[in-house]
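Step one of this worksheet: look at the structure below.
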Amino acid sequence: MGTLPIAFGYGAGGEARRPLGLAVVGGLVVSQLLTLFITPVIYLYLESFQQWVGKHLPSRRTATLKATPLPAP
């Protein structure tokens, strides 16, 4: 909120400081969007992809356990 007067160009010499205020406010808005919305969505997609891979591809451990014969007692 403190950078909004700078972004609006309010006050004496505000026209010269306006690009700096817009860059600061724009950076804060973009970083908040990335942190609060985009990152959790990426994690949800990665989780669903991991579950899909687990269903459709056999794991290496089960494949090697089936391939090796058990020793005779």
Contacts table for residues 20-35: side-chain donor-acceptor under 3.5 angstrom, sequence neighbours left out:
from	atom 1	to	atom 2	distance (Å)
S31	OG	G27	O	3.1
S31	OG	L28	O	3.0
T35	OG1	S31	O	2.8

Query - Verify same cluster id: I6, M1 (apolar side-chain graph, 4.5 Å) - result: no
Report task. Go through the structure and list residues passing side chain to side chain contact (heavy atoms under 4.5 Å, CB included) with E47, not counting sequence neighbours. Result -> L44, Q51
Query raised in the report: Which pairs count as ring-ring contact (aromatic ring centres under 6.0 Å, His included) when at least one residue sits in residues 15-50, sequence neighbours excluded?
Result: none
